Amino acid sequence: MDFLRAAAHTLGVNLNDNQQTQFEHYGALIEVRSKQFNLTGLKTWEKIREELFIRSLRILSPAGGNVPTPEWFAGKRVIDIGTGAGIPGIVLKIALPELHITLVDSNQKRAKFVSEVVNALELDNTKVINRRAEELAQQIDHREQYDLVLARAVARLNELAELTIPFANIGGTVILPKSRGSEQEVKEAAAAAEILGAAPAITLQVNKPGNSPPDDMVYWMKISATPDKFPRRNGIPHQSPIKSPEDKSA
C-alpha cells in the first residue's frame, strides 16, 4: 500500500487507514472475480495497483495548472460511463468520499461485480446502473444532471462524445483519459462535441503519479444544451459517429 498511498499524497489526497483497507479489499475482489469471468486482463495486485488504481488517480492531477485538483472535485455529482470493474469511478470515490457517483455499465456481470464492491466497501452516495448509455442519457433523472462525466478505455472520442456529453449539465465537464497521441481522435470528434453542446477540447499530458506511460486528459466543457435527438438509438453512436453538420449521415 505504500506505493498507492504515496501516489495519492502527490495529488493532495492523504489516504487514511480505512481508505487503504478499502483499496486492499477492492484489489482482492478484482483478483478473485477476474479468475471467474472476463473482468480485466490484469491478474496481479501490482498490475491492478499501477494500471487501475494509480493511473485512475491521474484524473485528479494538478499538472499544467488547469487540471482539476481534488478540492475541485469535492461534493460533485459524477457519472462514470462504461465503468467495467469500477474504473475510474470507485477509485475516485474511495480517494474522495464526498463524491456523489453513478457507475454505469451495460454488461450485467460487470454491473453485478461493481454492486458487490460498493456493498463490500460500504460506499455511500454511490449508485450502480446496468443500462446502456444511449438509453440512460434520455432519462430526465440523468440527462444533463452531472457536474462531471468520466469514461476510461471505452471507445474512440468521436463515439464517446455522444455517450458522455448528454449527461453533463451546462457548466459541467467531461474528462476522458486517453493514451498519449490522442490528437487525431480529438480532431475527429470536434464536430460531434460542438453539435452536442461542448466547447473545443482541452488536452493536457499527465505522466504522474505512477510508472505507467503518460496519458492525455481530454476535457470538454458543456456550454449549451444537447439537442433532444442525441444520443441516438443503441449502437448507432458506434456504427455511425456524428460528423459535421454538412454530412447528412450525422
Side-chain angles (χ1 to χ4, degrees), residues 30 33-34 36-41 52 56 59 76-93 99-119 123 125-170 172-178 185 188-189 191-198 218 220 222 225-243 249-250:
I30 291 176
R33 295 294 179 257
S34 291
Q36 299 172 346
F37 64 97
N38 186 25
L39 183 61
T40 175
L52 300 185
S56 290
I59 292 172
K76 292 284 196 298
R77 190 176 185 199
V78 183
I79 189 167
D80 178 13
I81 301 300
T83 191
I87 305 300
I90 288 180
V91 173
L92 299 187
K93 175 63 180 178
L99 288 178
H100 294 251
I101 194 158
T102 299
L103 306 159
V104 180
D105 203 281
S106 62
N107 181 282
Q108 187 176 33
K109 286 185 177 180
R110 289 195 292 264
K112 184 177 180 181
F113 169 76
V114 173
S115 294
E116 177 186 4
V117 173
V118 170
N119 292 329
L123 301 177
N125 296 317
T126 304
K127 181 183 296 186
V128 180
I129 299 178
N130 176 210
R131 198 79 180 270
R132 289 189 66 110
E134 297 97 321
E135 298 170 349
L136 194 65
Q138 291 291 358
Q139 295 185 1
I140 192 170
D141 290 345
H142 297 280
R143 185 178 184 83
E144 300 189 328
Q145 294 298 309
Y146 293 89
D147 305 304
L148 295 171
V149 184
L150 309 173
R152 180 182 185 267
V154 175
R156 290 182 68 82
L157 290 173
N158 58 356
E159 178 182 349
L160 274 178
E162 192 169 355
L163 300 180
T164 57
I165 295 172
F167 288 101
N169 56 31
I170 295 177
T173 306
V174 178
I175 305 178
L176 305 172
K178 302 290 290 186
E185 280 194 53
E188 289 175 358
E194 181 179 3
I195 290 167
L196 293 162
V218 179
W220 279 317
K222 186 78 166 281
T226 298
D228 291 342
K229 67 178 181 178
F230 299 114
R232 294 164 294 170
R233 298 189 312 276
N234 289 350
I236 300 301
H238 175 69
Q239 297 168 13
S240 181
I242 299 170
K243 299 179 183 177
S249 67

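A quick note: this is a predicted structure, and the numbers were derived from the prediction, not measured.
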Trainee: Can you name the nearest heavy-atom pair linking R132 to S106, along with the distance?
Mentor: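 Of all heavy-atom pairs spanning R132 and S106, the closest is CG-CB, 3.8 Å.
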
Trainee: So, for A133 and I81, which heavy atoms are closest and what is the spacing to 0.1 Å?
Mentor: CB-CG2, 3.9 Å

Trainee: Taking all atoms of both residues into account, what is the closest heavy-atom pair of L39 and S34, and its distance?
Mentor: CB-OG, 3.7 Å

Trainee: Return the CD1 to OG1 distance between I129 and T102, rounded to the nearest 0.5 Å.
Mentor: 5.5 Å

Trainee: For the atom pair OG1 (T164) and CG (L150), what is the distance rounded to the nearest 0.5 Å?
Mentor: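 Here the rounded value is 10.0 Å.
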
Trainee: Output the distance between atom NZ (K112) and atom CG (N107), rounded to the nearest 0.5 Å.
Mentor: 12.0 Å

Trainee: Applying side chain to side chain contact (heavy atoms under 4.5 Å, CB included) to L92 and L99, what does each step give before you reach the verdict?
Mentor: CA-CA 8 Å; L92 299 187; L99 288 178; 4.0 Å; yes

Trainee: Can you find a pair of side-chain heavy atoms, one from W220 and one from I175, that are under 4.5 Å apart?
Mentor: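 When only atoms from C-beta onward are counted, I175 and W220 do not touch, as no gap falls below 4.5 Å.
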
Trainee: Listed by chain and number, what are the side chain to side chain donor-acceptor pair (under 3.5 Å) partners of T83, not counting sequence neighbours?
Mentor: D80

Trainee: Go through V91 and L52 one step at a time and tell me if the side chain to side chain contact (heavy atoms under 4.5 Å, CB included) criterion holds.
Mentor: CA-CA 8 Å; V91 173; L52 300 185; 5.7 Å; no

Trainee: Are K222 and T173 packed together at the side-chain level, in the sense that at least one heavy-atom pair is separated by less than 4.5 angstrom?
Mentor: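 Not touching, per the 4.5 Å side-chain cut-off.
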
Trainee: Do D105 and N130 pair up side chain to side chain, a donor and an acceptor below 3.5 Å, judged on atom types alone?
Mentor: no

Trainee: Using a cut-off of 6.0 Å, state whether more than 12 heavy atoms not belonging to Q36 lie near its atom CD.
Mentor: yes

Trainee: Atom CD1 of I242 and atom CD of E188: how far apart are they, to the nearest 0.5 Å?
Mentor: 14.0 Å

Trainee: Counting only heavy atoms not in E194 (residues, nucleotides, ligands), do more than 12 fall under 6.0 Å from its CD?
Mentor: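 Atom CD in E194 is not packed in, count stays at 12 or less.
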
Trainee: Check for a donor-acceptor pair, side chain of Q145 on one end and backbone N or O of R143 on the other, with a separation under 3.5 Å.
Mentor: yes

Trainee: What's the shortest heavy-atom distance between F167 and H142, and which atoms?
Mentor: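 Closest approach of F167 to H142: CD2-O, 3.6 Å.
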
Trainee: Ignoring hydrogens, what is the shortest heavy-atom contact between I170 and A225? Give both atom names and the distance.
Mentor: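 Distance-wise, the nearest heavy atoms are CD1-N, 3.8 Å.
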
Trainee: Quick check: closest heavy atoms across T226 and L196, and the distance to 0.1 Å?
Mentor: OG1-O, 2.7 Å

Trainee: Given side chains that start at C-beta, do those of V104 and L136 come closer than 4.5 Å, heavy atoms only?
Mentor: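 Answer yes - side chains close enough.
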
Trainee: Going by the rule side chain to side chain donor-acceptor pair (under 3.5 Å), which residues pair with Q239 if we only count those two or more places apart in sequence or in a different chain?
Mentor: none

Trainee: So does E135 pair up with R233, basic N to acidic O under 4.0 Å?
Mentor: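 Salt bridge between E135 and R233, a charged N being under 4.0 Å from a carboxylate O: no.
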
Trainee: Report yes if the side chains of S240 and R232 come closer than 4.5 Å at any heavy-atom pair, otherwise no.
Mentor: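 They are in side-chain contact.
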
Trainee: In the structure I gave you, are the side-chain heavy atoms of N169 and D147 within less than 4.5 Å of one another anywhere?
Mentor: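 Contact flag for N169/D147 side chains = yes.
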
Trainee: When rounded to the nearest 0.5 angstrom, what distance separates CZ in R152 from OG in S56?
Mentor: 4.5 Å

Trainee: Return the CZ to CD distance between F113 and Q108, rounded to the nearest 0.5 Å.
Mentor: 15.5 Å

Trainee: Is any side-chain heavy atom of E134 closer than 4.5 Å to a side-chain heavy atom of P237?
Mentor: yes

Trainee: Does any part of the side chain of E144, heavy atoms only, come nearer than 4.5 Å to the side chain of P166, both counted from C-beta?
Mentor: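 No, side chains not in contact.
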
Trainee: Between R33 and E116 (salt bridge meaning N to carboxylate O under 4.0 Å), is one present in this structure?
Mentor: yes

Trainee: Evaluate side chain to side chain contact (heavy atoms under 4.5 Å, CB included) for L176 paired with L160, printing each intermediate quantity in order.
Mentor: CA-CA 9 Å; L176 305 172; L160 274 178; 4.2 Å; yes

Trainee: Inspect the contact between E185 and K178 and indicate whether a charged nitrogen and a carboxylate oxygen are less than 4.0 angstrom apart.
Mentor: yes

Trainee: Tell me, do K93 and P88 make a side-chain contact under 4.5 Å, heavy atoms counted?
Mentor: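 No - every pair of side-chain heavy atoms lies 4.5 Å or more apart.
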
